[in-house]
Amino acid sequence: MKTKKIINHGDNAVDEMLEGIALAHADLIRVSAASPRAIVAQHGPRTGKVGLVIGGGSGHEPTFVGFVGKGLADACAVGNVFASPPPDPILACVKEVSRGAGVLFMYGNYAGDVMNFDMAAEMAEMENIEVRTVLTTDDVASAPKNEIENRRGVAGNFFVFKAAGAAADELMSLDEVERVARHANSRTFTMGVALNPCSLPQTQRWNFDLPEGEMEVGMGIHGEPGVKREEVKPADEIVDEIMDQIFAEIPARQGDSVAVLVNGMGATPLMELYIMNRRVQARIGDAGLVTSGTWVGNYCTSLEMAGASVTLIHLDDELQRLIDRPCQCAMFRVG
Amino acid sequence: MKTKKIINHGDNAVDEMLEGIALAHADLIRVSAASPRAIVAQHGPRTGKVGLVIGGGSGHEPTFVGFVGKGLADACAVGNVFASPPPDPILACVKEVSRGAGVLFMYGNYAGDVMNFDMAAEMAEMENIEVRTVLTTDDVASAPKNEIENRRGVAGNFFVFKAAGAAADELMSLDEVERVARHANSRTFTMGVALNPCSLPQTQRWNFDLPEGEMEVGMGIHGEPGVKREEVKPADEIVDEIMDQIFAEIPARQGDSVAVLVNGMGATPLMELYIMNRRVQARIGDAGLVTSGTWVGNYCTSLEMAGASVTLIHLDDELQRLIDRPCQCAMFRVG
Amino acid sequence: MTGDDLKAMLLATAAAMDASKDQLCALDGEIGDADHGIAMSRGFGAIRTALDDLTGETPTGVFNAAARAFLNEVGASSGPLYATAFMRAAAILKGKETVGANEARDIVVSMADGIAKRGKAERGDKTMLDAWGPASEAIQRTTPQSVLEVFKTSAEAAKIGAEETVNMLAKKGRAARLGVRSLGHRDPGAVSAALILDAMAAHLEENS
Amino acid sequence: MTGDDLKAMLLATAAAMDASKDQLCALDGEIGDADHGIAMSRGFGAIRTALDDLTGETPTGVFNAAARAFLNEVGASSGPLYATAFMRAAAILKGKETVGANEARDIVVSMADGIAKRGKAERGDKTMLDAWGPASEAIQRTTPQSVLEVFKTSAEAAKIGAEETVNMLAKKGRAARLGVRSLGHRDPGAVSAALILDAMAAHLEENS
Ligand SMILES: Nc1ncnc2c1ncn2[C@@H]1O[C@H](COP(=O)(O)OP(=O)(O)O)[C@@H](O)[C@H]1O
Ligand SMILES: Nc1ncnc2c1ncn2[C@@H]1O[C@H](COP(=O)(O)OP(=O)(O)O)[C@@H](O)[C@H]1O
Ligand SMILES: [Mg+2]
Ligand SMILES: [Mg+2]
Ligand SMILES: [Mg+2]
Ligand SMILES: [Mg+2]
C-alpha cells in the first residue's frame, strides 16, 4: 500500500518544504546564500556571542529548523529526511554565525550526524574557527544508565537547545555555553511510545509494521524499533511506564523543580497528549516534585508517526532562568 | 479494526483532556467553578469589555479551547467530541465574562451549536445579559456562494475569532465587535482536503472510508463527506484546486493584502503543510496580492484525520491591525 | 402507566440505545460525524442516572428530569431536540397522575411538535422529524385503545418514515452540506427515533 | 581500466543502486530508519550527475569527483563513509593513468580502510565494514590476475560477509540501540556494499 502524502515528488520534499518555511517566516529566518540547506536567524548572531548551530535530518519538524531564532539557535543545517546534513551546509552555518566567540554544535547522538558534523568541525578549524560539540542523549530507552554516552537524542533536544541558546544569548563564553549545554543534557530524560508507523516521502511505504492493538515502547524518532512491543494500554498505564523509567534516572529531592514536555510524534491528537499530561503531572506531584513549565504539542515529530514521548528536565536555578528566558523562533517562542 | 489511541476510556476523554489542559496552562486559563466544561481566560474579562464566548465540540484542538486568553476569547464552552456543548457550560461562560458591556457568541455554523447556543442566549437574556451571535461560515466547499449563510465554519475561525477578540480587547462596543466579527467572517475563505479518516475515542473505528490513493475534497472538520472524491494529486495541484475556489470568492484588487493559514487536520506533517505554503504563496503573488501574515500548523484539527486546508482572509487596514494585535492564549499567541 | 412505569419504559429505551450505539454511529459516519449512537446512548445513560433515585414521581416530573439530564449530557443536535421533546411531554402531562391511551398519544404528538419547533426542520428535510412526524400523524389518525397500541402504531409509522429518508436530500443538520451525496443513506436521527419508539412498544408488550 | 572505464563502472553501479532502492529501504526499516536505499541511490545519482560531463579524467579525478558528489548529496551515515572511501581510493591512485589488477586491489583495500577509519567500527559490529572488510582481506590473500578477478573475488567475500551480519549484534549505527532485537536481520549497509561490488564485477564481466 502506498501511503498518502501532500507532496510533489519525494526527492524534492525537503527543498520545497524549506522554500515554504522561508516564505512563511521571513521576519525571523533566512536561507544562507552559501547553501539552501543552511537556515540562519535574522536576529540571532552578533558580535561577542557564541554561535549556536543545530541540525539533523528532516522529518522531525518543528525540530530542528523551527528552533532557529533570537534566543535559541543561530543557524540550522538541514539534512534529507532522517539523514544528517552533509558537511557543506553545516560549514555554511558556521560561517554565518561565527562572530569571534566560537561556535557550538548541538545535535542528537547519531552515527551519521557525528561523522558529518565532525567533518564540518575539522573544516571550520582549518579556517581558524573554534568549534565545540555537545551531543544530546536524552532517550533513556536507547541504552542503559552506564552507557549514557550511547543514548540517542530525541525530544529532549527542546530543553537542551533552549538552555544553551539562552546561555549564548546572555553572551556567556564558549566554555560556559558548552558547560550549560552538557549540564542541561545530563538532566534531561525522555521516553516515548509509537502506536503507528511513519513513511518516507520517497518510499511512501510504512517504515515498520505495528499490528492492530500493539505499540512499540521506547522507539526512536526515526521509527527505529524500541525496547519492546506491548499491547496498547490505557493512557495512565502508558504514562506510568514512562514515568517509572524517567524517575529512575532523576536524582531529584522533594521540592525540586522540573519542566515537562509531552510531545506528539506527528499523528497523535492534542487531546491524547493532554490526557497524558494529566497523569504526568499527577506522578510528578506524587514524587514530591514541582512542575515549573509545561509544554504539550508536536515539538519533535517523526513524519506521520502516531505516538508520544514525555521529557522531564530536572531544573536548578540556572536552568530555570535559561528555560524561562525569552526566545523567538519560527515555530516556537517563550516570553 | 480498532484504531489506536492514548486514552483511558473514551467516555472520559474530554474531561481528562481538560484536566490536562488546566494543569498545563494555569497561568493563562482556569476552569469555571460553575461548570467543568467552561474554560475562562485568567486575564481576559474586564469592566467595559465585551465578553467573547466561543465554543464547540472537542476534537479540533487547539480550536476552540486553545484560543482562550488575553486578546482573544474570554471563555470557551467545551462539548463532547464533535458535539456542541449544552447550554449549561455556555451559560457558565456568559456569567464568567459578562462585565456589563454585553457578550458575543462566536462559533461555527452547525445545527447543534446553533440550538444549544441559542438556548443559552435565551437563558442569559432572562438574566438581563445582552448576547449577540456571529456564526462563522468560511468553508467555501459547503454551500454555493448564494447560500453563504448555510456554509460551515472551519479553520477560518482562527482569523475571525482573532479579529473579534482584538476588537473586544480594544474595548469596542458590542455593536462594533459584532460588526468586526461579521466583517471578518465575510472576508474569510477556507477549503480543505482529507487524505485519511479520523476515529472517535468512543468508537475507535474510522469515521469514514478513504481507499488507497483517494482523497476527499472539501470535507468537513468532523469527517463529513466533501464535494467529491479524487485520486491524491501532487501538492501543487491540490493547492491550485483550493486556491481557484478561494480566489473565486475574493473580490481582491491588485496590491490588496491577505493573511494565510495553512492548517493541518491532525496527522499531516508540517513538512507537507510547508510544501503547500510554497505553492499558496506563489499563487497569491501571481494573483497580484500581498501576503502579510502566514500561519502554518495544526490550528483546527479533526482528531487524527490526515489532510489540510488553506484559509485566506482578505485584509483591510482595520483587519490588519486587529490580526496583528498581540494576544496570549494557552495554545496560540501573537506579538 | 404511572410515573414509575414511565421511568421503567425510559430505562428500557436506554438499554436499546446502548445496543444500537454502533449501528447509529456507522450510519452517522456515512453522511455526518459518526457520533449519533454515542449521543443517544450517553443521553439515555444520563436519563438512567437521573431517574435512578427517583421513585413515586409524576409523569411530568419524570419527563422533566429526563429533559434536563439529556440536554446537559449530550449537547450536539440531539440534545436540544430531545430535551425540548421531553419538556413538551412533561408540560402536556401536567396534573396527570397516570398515562392512559390519550395521554400516550399526547406524549408522541407533543414530542414530535417539540422537535419540529426546536429544529425548524420541515418534513422531507431528512431528519428525525421524518420519523417523529409520521408517528405523530399516524397516532392522530386512529383512536388507540391502550398505551401499548399508541406506541406500536407510532413505532411502525416511524420505522417506515425512517426508511424513506434514504431517498431524501438532506436540508437540515450536517448532511445538508452534502447535496446529492446525502442520497442513498438513511438519516441516523430518524433511525434512532424509530428505535426509541420500538423499544418503548417492546417494553410495554413484555410488561403487559 | 582508464578513468573513463572507471566512470562507466560507477555509472553501472548507480543503476544497480536504483534497482536495489526498495530492497535496501525495507532492510533498513527492520532495524533502522528505512532510508538506506534512498541514500545509496541518491548518492550514486549525484555521482552520475557529477561524472556526466567528465571525460578523459584520471582515475584519481573520477574518484575525487565521486567523493564530493556523494558526500554533499547524502549526508547520513553513508555519506561520509563512502566519501571517505572514494577519497582514499583517489589518493592511492594518484599519478596512475590506468587501473590494473594491482590498482584495483588497492582500490578495494583503501576503500575498506577509509570506511573503517571514518566509522571507527570494528569487524563484527554489524556494519558495512562487515562486507568491505572481508572483501579487502580476500583480495589481499590472493594474487589477482585481472581487474575483473579483483572485483569478483571481493564481491563474493562481501556477499558472504553481508549474509553473516544476520547473526551479529549491532554495535555501531542506529541499530546499536536495539540490543538483541538487531539479531536476525542483515545490515543494510553491508548488503549494499556487497551489491556495489557485485555491480562492479558484473559490469566488468559484461564489458570484458
Ligand atoms: N434542525 C434539525 N431538526 C431536526 N433534526 C435534526 C436537525 N438537525 C439535525 N437533526 C437530527 O440530528 C441527527 C444528528 O444527531 P447527532 O449526530 O447526535 O448530532 P450532531 O449532528 O451534532 O453530531 C441527524 O441525523 C438529524 O436527524
Ligand atoms: N560507524 C559506522 N561504521 C561503518 N558503517 C556504519 C557506521 N554507522 C552506520 N554504518 C552503516 O550505515 C548503514 C546505514 O546507512 P544509512 O541508512 O544510509 O544512514 P542512516 O543510519 O544515517 O540512516 C548501516 O546499515 C551501517 O552499515
Ligand atoms: Mg537515515
Ligand atoms: Mg456530533
Ligand atoms: Mg452526529
Ligand atoms: Mg538509514
Side-chain angles (χ1 to χ4, degrees), chain A residues 1-2 4-9 13-14 16-21 23-25 58-59 61-62 66 81 193 195-196 201 210 212-213 215 232 234-236 238 260 262 266-281 291 294-298 301 303-304 306-308 331 333, chain B residues 1-2 4-9 13-14 16-21 23-25 58-59 61-62 66 81 193 195-196 201 210 212-213 215 232 234-236 238 260 262 266-281 291 294-298 301 303-304 306-308 331 333:
Chain A
M1 197 194 101
K2 204 178 164 210
K4 301 179 195 174
K5 292 192 182 280
I6 308 180
I7 56 174
N8 292 303
H9 189 288
V14 173
E16 291 185 359
M17 168 185 78
L18 289 177
E19 289 177 43
I21 289 175
L23 287 164
H25 307 295
S58 295
E61 292 69 32
V81 177
V193 295
L195 272 68
N196 280 314
L210 254 174
E212 184 176 349
M215 65 178 189
V232 178
D236 288 355
I238 292 174
V260 176
V262 181
T268 289
L270 276 185
M271 178 178 288
E272 299 174 36
L273 302 181
Y274 279 109
I275 289 173
M276 291 178 74
N277 183 51
R278 172 181 167 274
R279 184 69 172 191
V280 169
Q281 302 296 342
T291 300
T294 301
W295 283 266
V296 179
N298 292 324
T301 60
L303 296 165
E304 77 277 64
M331 306 177 205
R333 56 181 299 188
Chain B
M1 198 195 102
K2 204 177 162 210
K4 300 178 194 174
K5 290 190 184 281
I6 308 179
I7 56 173
N8 292 303
H9 189 289
V14 173
E16 292 184 359
M17 168 185 77
L18 290 177
E19 287 178 45
I21 289 174
L23 287 164
H25 307 295
S58 295
E61 292 70 31
V81 177
V193 296
L195 272 68
N196 280 314
L210 255 174
E212 185 177 348
M215 66 179 187
V232 178
D236 287 355
I238 292 174
V260 176
V262 181
T268 290
L270 276 185
M271 179 179 287
E272 299 175 35
L273 302 182
Y274 279 109
I275 289 173
M276 291 178 73
N277 183 53
R278 171 181 167 274
R279 184 68 172 191
V280 169
Q281 302 295 343
T291 300
T294 302
W295 283 266
V296 179
N298 291 323
T301 61
L303 295 164
E304 77 277 62
M331 307 177 204
R333 57 179 301 185

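Below, chains carry the letters A, B, ... as their sequence lines are ordered, and counting in each starts from 1.
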Could you please spell out the steps behind the side-chain contact (heavy atoms from CB on, under 4.5 Å) verdict for Lys4(A) and Leu210(B)? CA-CA 11 Å; Lys4(A) 301 179 195 174; Leu210(B) 255 174; 3.7 Å; yes
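- Checked by atom type and distance alone, the side chain of Glu212(A) pairs as donor or acceptor with a backbone atom of Lys2(B) at under 3.5 Å.
- In this structure, Asn298(A) and Asn298(B) have side chains that are in contact, with non-hydrogen atoms separated by less than 4.5 Å.
- Using a distance-only test at 3.5 Å, with no hydrogens or angles considered, a donor-acceptor pair links the side chain of Asn8(B) to the main chain of Asp236(A).
- When each of Ser58(A), Ala306(A), Gly213(A) is checked for heavy-atom pairs under 4.5 Å with chain B, Gly213(A) comes out on top.
- Interatomic distance, Met271(A) CE to Glu304(B) CD, rounded to the nearest 0.5 Å: 10.0 Å.
- When all heavy atoms are compared, the tightest approach of Lys5(A) to Val232(B) is O-CG1, 3.9 Å.
- Of the residues considered (His9(A), Arg279(A), Met215(A), His25(A)), His25(A) shows the highest number of contacts with chain B, using heavy-atom pairs under 4.5 Å.
- Pro62(A) is listed as a side-chain neighbour of Leu270(B), based on a closest heavy-atom distance under 4.5 Å.
- Of all the heavy atoms in Tyr274(B) and Met17(A), the pair that sits closest is CB-O, 3.7 Å.
- Across all non-hydrogen atoms, the minimal contact from Ala308(A) to Ile6(B) is CB-CD1, 4.0 Å.
- Within the model, atoms CD1 of Ile21(B) and CD1 of Ile275(A) stand 9.5 Å from one another, a figure rounded to the nearest 0.5 Å.
- Nearest heavy atoms, Glu19(B) versus Arg278(A): OE1-NE, 2.9 Å.
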Worked check of side-chain contact (heavy atoms from CB on, under 4.5 Å) between Thr294(B) and Leu23(A): CA-CA 8 Å; Thr294(B) 302; Leu23(A) 287 164; over 6 Å; no
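- With respect to chain A, the highest number of heavy-atom pairs below 4.5 Å among Gly297(B), Gly66(B), Pro269(B) belongs to Pro269(B).
- Here the closest non-hydrogen pair linking Val296(B) and Ala24(A) is CG2-CB, 4.2 Å.
- Heavy atoms closer than 4.5 Å to chain A are found in the side chain of Val81(B), but not in its backbone.
- With chain B as the partner, the residue from Gly59(A), Pro234(A), Pro201(A) showing the most heavy-atom pairs under 4.5 Å is Pro234(A).
- For a residue to count as touching a neighbouring chain, one of its non-hydrogen atoms must lie under 4.5 Å from one of that chain's; by this rule Met276(B) touches chain A with the side chain only.
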